[in-house]
Amino acid sequence: MKKLVLSAIVLLMAAMKVAAQEVTPQLTAFPEFRPATVYMADGKKMEIPMANIFLKNSSLLYISGELTKEANIKNLLRVDFKDRSYIRIDSVLAYQIDTVGSNALFCAKVLDLKAYQQLIRNNSNITNLDLNDLSSMNMFQFTTIDLQDTKDIHFPVIPIYYYRIGNKFVLVHERHLKRAFDKENRRRMESVMNLPGFSWTNEEYLLKILEIIQ
C-alpha cells in the first residue's frame, strides 16, 4: 500500500510540473497521416499522399511503402495540408497564428524533451522512446522512425513562436526582439510585458506587441 501511495504521489508531482504545458498522446501534429503538397527549396512541387508533422522537431514525416520517413528540413519551403499550411522558419516547420497588418505570428510545436525525460525518471512504467537518435540526411534520403504504440503516454509540448516583420522572421523571445526593435519599439514591447498575466506563450499578448510596434 505504501508503495502504491508513493507511486501516486510521484505521478501527481510529475503531472503538476507539466500541467501548464500542452500535452499530447501522439508524436505527430495530426492523429492520422494525410495528403500534403510539398514545395521544395529547389522549386519542385510534390504531392505526398500520407504526410504529417513530427513533434520531435517540427519536421515533415511521410509514409513510403511500409516505412515512415523524415524529410530533410533544409530542402523544404512549405507544406500545405487541407486545413493548415506550414513554412520553414530556421530549422522548424511553423504555421501562421494570425496577421497584424503586413506582419504575422507563427508557431511551431515541439516535444519538451527535458520534461519528457523527467516523466521517464519519475515513472518506470513509461517506455523510454529514443527521440534523439535521428540524424540529418540529404534529399530523398531519410531516417526510419519507429513510431511505437504510445497511446498510454502523454508527451509535454511547447510552442516556439516567430514574428514575421516585413520580410524577416524573428524568434519571439525578449533578447531576440530587443535586438530587432529600435528604442521606441522596445519601449512599446516592455509596456506589454508589464501587463498583468503577460507570458511569452500567451498569443493574445504576442499579437498585442505586433499591434503596437511600427
Side-chain angles (χ1 to χ4, degrees), residues 18-41 45-99 104-117 119 126-137 142-164 169 171-172 199-204 206-207:
V18 299
Q21 293 177 309
E22 179 183 346
V23 295
T24 176
Q26 61 205 32
L27 293 174
T28 53
F30 307 110
E32 299 177 350
F33 280 66
R34 54 185 63 184
T37 302
V38 179
Y39 296 85
M40 312 298 291
K45 174 182 171 182
M46 301 175 63
E47 300 294 336
I48 307 295
M50 301 286 284
N52 214 322
I53 301 297
F54 190 22
L55 294 180
K56 184 254 180 181
N57 51 3
S58 195
S59 61
L60 176 67
L61 292 182
Y62 63 99
I63 293 177
S64 178
E66 297 182 354
L67 295 177
T68 302
K69 303 178 182 181
E70 181 183 13
N72 187 337
I73 190 70
K74 294 180 181 179
N75 298 313
L76 305 177
L77 284 182
R78 192 172 92 234
V79 180
D80 290 348
F81 294 93
K82 182 179 179 180
D83 55 350
R84 177 177 287 178
S85 292
Y86 288 80
I87 65 171
R88 188 190 76 197
I89 305 175
D90 292 340
S91 60
V92 298
L93 291 173
Y95 61 94
Q96 183 174 287
I97 299 294
D98 205 349
T99 59
L105 175 66
F106 287 80
C107 178
K109 292 186 176 181
V110 298
L111 298 180
D112 186 339
L113 295 180
K114 289 184 178 180
Y116 167 71
Q117 293 297 335
L119 287 175
I126 297 180
T127 303
N128 187 4
L129 305 182
D130 186 0
L131 301 176
N132 290 305
D133 189 21
L134 297 174
S135 59
S136 297
M137 307 295 284
F142 55 87
T143 50
T144 58
I145 300 166
D146 182 14
L147 296 179
Q148 301 183 33
D149 183 3
T150 60
K151 63 181 183 297
D152 295 327
I153 307 175
H154 284 73
F155 300 95
V157 175
I158 53 176
I160 302 173
Y161 291 101
Y162 291 88
Y163 285 143
R164 188 193 67 217
F169 288 95
L171 181 66
V172 178
S199 166
W200 287 109
T201 59
N202 186 312
E203 295 173 4
E204 179 180 349
L206 300 187
L207 290 170

Would you say [X]'s side chain and [Y]'s backbone share a donor-acceptor pair under 3.5 angstrom?
| X | Y | answer |
| --- | --- | --- |
| Asn52 | Leu61 | no |
| Ser58 | Leu93 | yes |
| Tyr163 | Leu206 | yes |

At their closest point, which heavy atom of [X] faces which heavy atom of [Y], and how far apart are they?
| X | Y | result |
| --- | --- | --- |
| Glu70 | Tyr62 | C-CE2, 4.4 Å |
| Lys74 | Arg88 | O-NH1, 2.8 Å |
| Ala94 | Ile89 | CB-CD1, 3.9 Å |

Q | Residues that Arg78 engages under salt bridge (charged side-chain N to carboxylate O under 4.0 Å, His left out), provided they are two or more places apart | A | Asp80

Within a strict 4.5 Å, meaning less than it, do heavy atoms of the [X] and [Y] side chains meet?
| X | Y | result |
| --- | --- | --- |
| Arg34 | Asp83 | yes |
| Val92 | Asn57 | no |
| Tyr162 | Asp90 | yes |

Q) Between Val110, Thr28, Thr24, which is the residue that forms a side-chain contact (heavy atoms from CB on, under 4.5 Å) with Leu55? A) Thr24

(Q) Test side-chain contact (heavy atoms from CB on, under 4.5 Å) on Leu27 and Lys56; report intermediate values, then the result. (A) CA-CA 7 Å; Leu27 293 174; Lys56 184 254 180 181; over 6 Å; no

Q: Evaluate side-chain contact (heavy atoms from CB on, under 4.5 Å) for Val172 paired with Leu105, printing each intermediate quantity in order.
A: CA-CA 9 Å; Val172 178; Leu105 175 66; 4.2 Å; yes

Q | Of Tyr95, Phe106, Phe54, the residue whose pairing with Tyr86 passes ring-ring contact (aromatic ring centres under 6.0 Å, His included) | A | Tyr95

